[in-house]
Engineer: 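Following this message is one structure expressed as structure tokens.
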Amino acid sequence: MDALVTGAMSTLGYAISGKLHEYGYTVYGTARDTFGKVFPFGRLIGFDFGDDDYSFLSGFEGLDLLVNNAGIFTEGGQETLSDDDFLSVMDVNVVGLFRMTRACLPLLRRRNGAVVNVSSINALHPGFGSTAHYDGSKGFVSAYTRSLAAETGLRVNAVAPGLVDASRLRGTPLAETYSQHSVFGGMVEAGDVASAVLFLASSRGIYGQTLVVDNGYLLK
């Protein structure tokens, strides 16, 4: 089985790639910078969403799974956010996801493959302040997921993680706030999100859904 994971060297992308590899997938991961990077789950491919060059897909006979994980998060008040800052998020989270999916659809159809998009709880709930542009981009991901499943007949679903545990976040006010307001009392482990991706990739009968993995943050 062949899987393509975008943003594979991020904390979440790496965990997803490892989980898929553990369950028998050959993983092709994309990363903007591959120099010196170790990717033990398959093949790491240098790819920049800004280039709009999908020629690397010509070597694929088909795809069993596409995981649209690559994304950009920024903060900024909507009255002061520049066009460039807004577009930098939309170019990856919306346009890049659309273009990658469009390019992969023929490969997915050959194997009746699945798509799992990485959305966010921010698509379902206001974010943590000054993130309306990011929240809107993830709202697109969940809406696109529903409609693409209906349009293509493929198993297209999404995961909506909460705040994913990463070393750069530990001890920050954001991590503290998230921990206090989640049922579990902590940030989300990347491995738990990866397990949800694997579940959606392998489950039959699930179409167009967004599965929340947030340690119960939205319940409080």
Side-chain angles (χ1 to χ4, degrees), residues 1-76 84-85 87-104 107-108 113 115-120 134 137-138 141 158-159 161-172 174-175 186-198 201 213:
M1 297 182 293
D2 296 318
L4 177 63
V5 179
T6 65
M9 292 306 295
S10 68
T11 297
L12 183 53
Y14 198 83
I16 292 170
S17 298
K19 179 64 69 173
L20 294 174
H21 178 73
E22 179 184 346
Y23 279 82
Y25 283 89
T26 297
V27 181
Y28 299 86
T30 73
R32 191 173 185 177
D33 178 20
T34 62
F35 181 76
K37 302 291 176 63
V38 177
F39 188 72
F41 314 119
R43 177 186 167 200
L44 191 62
I45 300 167
F47 177 78
D48 188 334
F49 279 96
D51 293 340
D52 192 23
D53 179 7
Y54 299 88
S55 59
F56 73 91
L57 292 172
S58 62
F60 286 77
E61 294 183 359
L63 269 179
D64 299 285
L65 174 64
L66 168 64
V67 181
N68 282 309
N69 168 70
I72 292 178
F73 172 83
T74 66
E75 297 177 274
D84 286 345
D85 287 341
L87 291 173
S88 69
V89 171
M90 295 299 163
D91 282 347
V92 176
N93 296 6
V94 176
V95 179
L97 181 145
F98 161 71
R99 287 175 172 170
M100 179 62 77
T101 304
R102 179 180 62 185
C104 289
L107 300 173
L108 291 161
V115 179
V116 179
N117 296 318
V118 177
S119 183
S120 169
Y134 171 80
S137 75
K138 290 302 185 177
V141 174
V159 292
L163 188 65
V164 176
D165 187 7
S167 58
R168 70 182 185 279
L169 295 173
R170 293 170 192 160
T172 65
L174 178 58
M187 291 186 286
V188 179
E189 294 291 334
D192 291 337
V193 183
S195 294
V197 171
L198 177 65
V213 186

Engineer: Considering residues, nucleotides and ligands other than Arg170, do more than 12 of their heavy atoms fall under 6.0 Å from its CZ?
Structural biologist: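 Enclosed.
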
Engineer: Looking at Ser119 and Val141, would you say the former's side chain and the latter's main chain have a donor-acceptor pair under 3.5 Å?
Structural biologist: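 Pair absent, no side-chain N/O of Ser119 close to backbone of Val141.
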
Engineer: Do Tyr25 and Tyr23 have ring centroids that are under 6.0 Å from one another?
Structural biologist: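 For Tyr23 and Tyr25, the ring centres are not under 6.0 Å apart.
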
Engineer: To the nearest 0.5 angstrom, please state how far the CG atom of Leu4 sits from the CD1 atom of Ile45.
Structural biologist: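 It is 6.0 Å, given to the nearest 0.5 Å.
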
Engineer: Has Asp48 got a side-chain atom pairing as donor or acceptor with Arg32's backbone, closer than 3.5 angstrom?
Structural biologist: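 Looks like no, no N/O pair under 3.5 Å.
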
Engineer: What closest approach, in Å, do Ala175 and Gly171 show between heavy atoms, and which atom pair accounts for it?
Structural biologist: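 Ala175 and Gly171 have their closest heavy atoms at CB-N, 4.5 Å.
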
Engineer: Of the non-hydrogen atoms in Val5 and Gly13, which two are nearest, and what is the gap between them?
Structural biologist: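 Heavy atoms only, the tightest pair is CG1-O, 4.1 Å.
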
Engineer: Please test Val193 against Val118 for side chain to side chain contact (heavy atoms under 4.5 Å, CB included), starting from the C-alpha separation and ending with a verdict.
Structural biologist: CA-CA 9 Å; Val193 183; Val118 177; 5.8 Å; no

Engineer: What distance do Leu163 atom CG and Leu174 atom CG have between them, rounded to the nearest 0.5 Å?
Structural biologist: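 Output value for this atom pair is 5.0 Å.
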
Engineer: Of the non-hydrogen atoms in Leu63 and Cys104, which two are nearest, and what is the gap between them?
Structural biologist: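 Looking at all heavy atoms of both residues, the shortest contact is CD1-SG, 3.9 Å.
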
Engineer: What heavy-atom pair brings Asn93 and Leu97 nearest, and what distance separates the two atoms?
Structural biologist: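 Where Asn93 meets Leu97 most closely, the heavy atoms are O-CB, 3.6 Å.
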
Engineer: With the side chain counted from C-beta on, respond yes when Met100 and Phe49 share a heavy-atom pair under 4.5 Å apart, and no when they do not.
Structural biologist: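 Answer yes - side chains close enough.
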
Engineer: Can you name the nearest heavy-atom pair linking Lys138 to Ser120, along with the distance?
Structural biologist: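 In terms of heavy atoms, the two residues are closest at CG-CB, 3.7 Å.
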
Engineer: Looking only at non-hydrogen atoms, find the nearest pair between Arg99 and Asp52 and report the distance.
Structural biologist: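 Residues Arg99 and Asp52, closest heavy atoms: CD-OD1, 3.5 Å.
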
Engineer: I'd like to know if the side chain of Asn69 and the backbone of Gly7 have a donor-acceptor N/O pair within less than 3.5 Å.
Structural biologist: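 Pair found, side chain donor or acceptor close to backbone of Gly7.
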
Engineer: Would you say the ring centroid of Tyr28 lies under 6.0 angstrom from that of Phe60?
Structural biologist: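 Aromatic pair counts; centres sit under 6.0 Å.
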
Engineer: Looking at side-chain heavy atoms only, is the closest gap between Phe39 and Thr34 below 4.5 Å?
Structural biologist: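 No, every pair of side-chain atoms sits at 4.5 Å or beyond.
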
Engineer: Before giving the answer on side chain to side chain contact (heavy atoms under 4.5 Å, CB included), spell out for Leu66 and Asn68 the whole-Å C-alpha distance, their side-chain angles and the decisive distance to 0.1 Å.
Structural biologist: CA-CA 6 Å; Leu66 168 64; Asn68 282 309; 3.6 Å; yes

Engineer: To the nearest 0.5 Å, tell me how far Arg43 CZ sits from Asp2 CG.
Structural biologist: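 Answer rounded to 0.5 Å: 11.5 Å.
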
Engineer: Hey, what do you get for CG (Asp192) to NZ (Lys19), rounding to the nearest 0.5 Å?
Structural biologist: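 One finds 8.5 Å between CG of Asp192 and NZ of Lys19.
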
Engineer: Could you check Leu65 against Met1 for side chain to side chain contact (heavy atoms under 4.5 Å, CB included), going step by step and ending with a plain yes or no?
Structural biologist: CA-CA 8 Å; Leu65 174 64; Met1 297 182 293; over 6 Å; no

Engineer: Atom OG1 of Thr30 and atom CG of Leu44: how far apart are they, to the nearest 0.5 Å?
Structural biologist: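 Answer rounded to 0.5 Å: 8.0 Å.
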
Engineer: Got Leu198 and Leu20 here, is their nearest side-chain heavy-atom distance under 4.5 Å?
Structural biologist: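 Yes, at least one pair of side-chain atoms sits under 4.5 Å.
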
Engineer: According to the interplanar angle, ranging from 0 to 90°, do the rings of Phe47 and Tyr54 count as parallel (below 30°), tilted (30 to 60°) or perpendicular (above 60°)?
Structural biologist: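 The rings of Phe47 and Tyr54 sit tilted, inter-plane angle from 30° to 60°.
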
